[in-house]
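Remember, it's 1-based here, ligands and their atoms both numbered in the order they're listed. Quick note: residue numbers are just sequence positions, from 1. All values below were derived from every heavy atom in this structure, side-chain atoms included, with hydrogens, water molecules and symmetry-related copies excluded.
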Amino acid sequence: MYSKIVGTGSYLPEKIVTNQDLEKMMDTTDEWITTRTGIKRRHVASETDTTANLATRAARRAMEAGNVQPEQIDMVIVATATSDDAFPSTASRVQHQLGLRHVVAFDVSAACAGFNHGLSIADQYIKTGFAKMILVIGCEMLTRAVDWTDRSTCVLFGDGAGAVLLGASETPGLLSTHLHCDGSQHHILYAPNTVVQKNADSPFVKMEGKEVFRHAVTRLGELVDETLSANNLTQTDIDWLIPHQANIRIIQAMAKKLNMSMEKVIVTLDDQGNTSAASIPLALDIAVRDGRVKRGDLVLLESFGGGLVWGSALIRY
Ligand code: COA
């Protein structure tokens with residue numbers, strides 16, 4: 001048995017904060033943000049939004065797209081670094097909001113690479129026959145987790161959610177997943193849980209940007225090689241690259257590595273900023289709905305985040 005994506009959905013909050021808006025709030029410029037990152041604007045959740053609500057909206061759209069009924073879903077996996085509660089999981093809220101049966105529901109903590117981790121876990125459950133239909137969601141409210149007086153981090157992030165339904169299939173859809181972690185680099189990108197870590201000065205995202213950038217380009221380059229080689233493929237076989245949307249220069253480096261024109265890379269960064277675990281399912285859903293990614297296309301998803309963690313998934317969509 002194999003797993004295959006049967007439906008995708010996404011949700012972005014209505015409120016948009018542009019680089020020009022940020023110029024009025026802090027010592028920054030549109031020019032600095034655009035040239036260093038590729039970001040032009042980001043969506044920001046309202047006061048009343050919760051991470052679970054964003055996730056549920058994206059999930060409903062994926063269910064509509066795949067024509068999947070609540071009773072068909074056997075498991076909910078939510079990838080998020082910004083869960084509404086320390087416990088229980090965001091997945092348990094989503095399970096209830098969607099009116100699902102009492103099926104397994106849990107969160108995955110793998111920062112910006114969380115969605116690929118969720119896909120990989122879901123794939124194992126489907127291959128073993130434990131589940132036939134799994135909802136995998138990436139959702140974040142990173143704008144609540146950044147210090148809005150720290151211009152080096154707050155300009156980078158946005159809010160949103162993306163969801164896929166992964167179903168059992170006779171033919172291969174998810175071809176392989178590859179996940180890695182280097183815990184020795186924990187300190188270059190993290191957000192302390194100040195309830196538990198009493199000595200931490202703030203709960204906000206802390207990042208050594210240049211170091212993160214350097215590791216991302218190296219590790220993602222290795223990951224692309226690993227994924228192609230595991231599937232006996234070459235760069236030209238890939239139809240679409242859907243990278244985690246953190247920085248346009250990292251994305252361009254991966255396109256170059258794959259010898260791929262930027263037209264074959266799905267980029268949402270300019271409109272959304274870095275939405276962490278949500279960025280890949282958001283980009284996938286947008287590209288499916290606008291007709292770029294079609295059934296049968298070979299799609300490479302790759303992501304990188306705090307941990308450090310990095311992961312890929314190769315999909316015959
Ligand atoms: N506006 C204007 N200036 C800013 C700024 C902002 N928003 N943020 C930082 N600066 C300033 C710095 O204070 C520094 O000034 P100085 O030279 O006077 O000290 C200068 O810009 C350069 O800062 P630096 O951090 O060296 O910039 P950089 O070229 O490394 O770019 C990032 C910063 C964050 C854009 C870049 O390192 C990056 O994208 N890294 C990867 C981050 C990432 O992808 N994280 C998520 C992974 S999931």
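When Ala81, Cys112, Gly38 are ranked by how near their heavy atoms come to atom 48 (S) of ligand 1, first place goes to Cys112. For atom 45 (N) of ligand 1, the candidate residues are Met207, Arg249, Arg151; the nearest heavy-atom contact is made by Met207.
Of the protein's heavy atoms, none falls inside 4.0 Å of atom 25 (O) of ligand 1.
Residue-to-ligand polar distances place Lys210 within reach of ligand 1: an N/O pair is separated by less than 3.5 Å. No N or O atom of His244 sits closer than 3.5 Å to an N or O atom of ligand 1. Residue Asn274 has no nitrogen or oxygen atom sitting less than 3.5 Å from a nitrogen or oxygen atom of ligand 1, judged on distance alone. Looking at ligand 1, you won't find any N or O of Thr37 less than 3.5 Å from one of its N or O atoms. Inclusion of Thr29 in the set of residues having an N or O under 3.5 Å from an N or O of ligand 1 is not warranted.
Among protein heavy atoms, the minimum distance from atom 40 (N) of ligand 1 is reached at Gly209 O, 3.0 Å.
Only the side chain of Val155 comes within 4.0 Å of ligand 1, judged by heavy-atom distances.
Counting only residues at least two apart or in different chains, salt bridge (charged side-chain N to carboxylate O under 4.0 Å, His left out) contacts with residues 144-156 comprise Asp27-Arg151.
Interface atoms of ligand 1 facing Ala246, defined by a heavy-atom separation under 4.0 Å, are 44 (O).
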